[in-house]
Amino acid sequence: RDYKVTGVQTCALPIYNVTIVDGATVSITAAAACTNLTIGGGTSGILNFNTVNINITVTGTTTVSSGAQINFTTTTTGVRQFADVIVNGTWGNTGNSTVTITGSITNNGTFTSGTGLYTLSGASKTISTTNGTALSIGSVTVSGSYTVTSSYTGANIFSVPTTLTVSTATSALVNNGTASSATATVTLAGGLLTNNSVFTVTTALTGAGGFTNAANATLNIGGTSTITTLTATANPRSEEHTSELQSPCNLVCRLLLEK
């Protein structure tokens, strides 16, 4: 079933496909769940999460249309869980809420992540843009498997400026674009990060997991590295170290430079 919100309302979303139409402003004040959530039937519409300790779960696709907004304005211990997320308008998290995403992320708009932790738990999902818009998410834990696509290139990068963690032995992050953890500590807590393009770490690369730098890929390391396994295979490839190299291999590290 479909449920359309057409005016300024305060409500709990029902378990339907929900569309907040142009000009409507909705504030969520109670636990809510729905299948597909569309904010803005065309060019506007606002959805506000401004009550603490409420849960919101969207099991299908969340679409923020161009000109529309989704706003998390309060810090909360409640669940903010979304499947696929498509942002063509504005995603705002000024309340620094924690967010779980079980699907793919496509950002073509303005994405203000806040300082809350984003947990990416889906399997074989992607992080992408279709119009070249950069995406920055302050703190990310990958507990599933995600690929940063080649749609991020040049100055239009995917970045995680605070903390990036690949959390378990079955977790994986693959970079096929231009990605940076410019001021973040990258922790591979048993998981695997594979770089097939350009990846920059300027603080620390650490953990019991593995980092693989593939053919023709560039890895820039500006801080220290105590990663358990660092594998740089295939030639040509590039590694740039802008600080002392990495505890010099008090880690169990292997650099396999195949000619």
If every non-hydrogen atom of Asn196 is compared with every non-hydrogen atom of Asn176, which pair is closest and at what distance?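 Where Asn196 meets Asn176 most closely, the heavy atoms are ND2-OD1, 2.8 Å.
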
Once the angle between the rings of Tyr118 and Trp91 is folded into 0 to 90°, is it parallel (under 30°), tilted (30 to 60°) or perpendicular (over 60°)? tilted

Can a donor-acceptor pair be found, under 3.5 Å and without considering hydrogens, that links the side chain of [X] to the backbone of [Y]?
X	Y	answer
Thr129	Asn131	yes
Thr162	Ser139	no
Thr102	Gly122	no
Tyr146	Gly103	yes
Thr38	Thr19	no
Thr115	Asn96	no
Asn93	Thr112	no
Asn17	Thr35	no

Set out, in order, the CA-CA distance, both residues' side-chain angles and the distance that settles side-chain contact (heavy atoms from CB on, under 4.5 Å) for Ile46 and Ile20, then state yes or no. CA-CA 7 Å; Ile46 299 173; Ile20 298 171; over 6 Å; no

Quick one: pull up [atom1] in [X] and [atom2] in [Y] and give me the separation to the nearest 0.5 Å.
X	Y	atom1	atom2	value
Thr62	Leu47	OG1	CG	9.0 Å
Leu188	Thr168	CG	OG1	11.5 Å
Leu135	Thr106	CG	OG1	10.0 Å
Asn220	Phe199	CG	CZ	10.0 Å

Val58, Val99, Asn55 screened by side chain to side chain contact (heavy atoms under 4.5 Å, CB included) with Arg80, the one that passes: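 The passing option is Val99.
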
Check the pair Ile127, Tyr152 against side-chain contact (heavy atoms from CB on, under 4.5 Å), reporting the backbone distance first and the verdict last. CA-CA 9 Å; Ile127 302 169; Tyr152 292 102; 4.2 Å; yes

List the steps and the verdict of side-chain hydrogen bond (donor to acceptor under 3.5 Å, both in side chains) for Thr63 and Thr61. CA-CA 6 Å; Thr63 302; Thr61 300; 5.8 Å; no

According to a hydrophobic-cluster definition based on side-chain heavy atoms being under 4.5 Å apart (Ile, Leu, Val, Met, Phe, Trp, Tyr only), do [X] and [Y] belong together?
X	Y	answer
Leu120	Ile86	no
Val186	Val198	no
Val26	Leu37	yes
Val166	Val174	no

Sequence-distant partners of Ser136, side-chain hydrogen bond (donor to acceptor under 3.5 Å, both in side chains), two or more places apart: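 side-chain hydrogen bond (donor to acceptor under 3.5 Å, both in side chains) check on Ser136 returns Ser159.
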
Which residues share a side-chain hydrogen bond (donor to acceptor under 3.5 Å, both in side chains) with Thr212, sequence neighbours left out: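 For Thr212, no residue satisfies side-chain hydrogen bond (donor to acceptor under 3.5 Å, both in side chains) once neighbours in sequence are set aside.
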
Stepwise side-chain contact (heavy atoms from CB on, under 4.5 Å) check, Phe158 with Ile137: CA-CA 8 Å; Phe158 171 68; Ile137 303 178; 4.3 Å; yes

Does a donor on one side chain and an acceptor on the other come within less than 3.5 Å for Thr141 and Ser143?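 Distance-only check fails for Thr141 and Ser143.
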
Thr100 vs Thr98, side-chain contact (heavy atoms from CB on, under 4.5 Å): CA-CA, chis, key distance, verdict: CA-CA 7 Å; Thr100 297; Thr98 58; over 6 Å; no

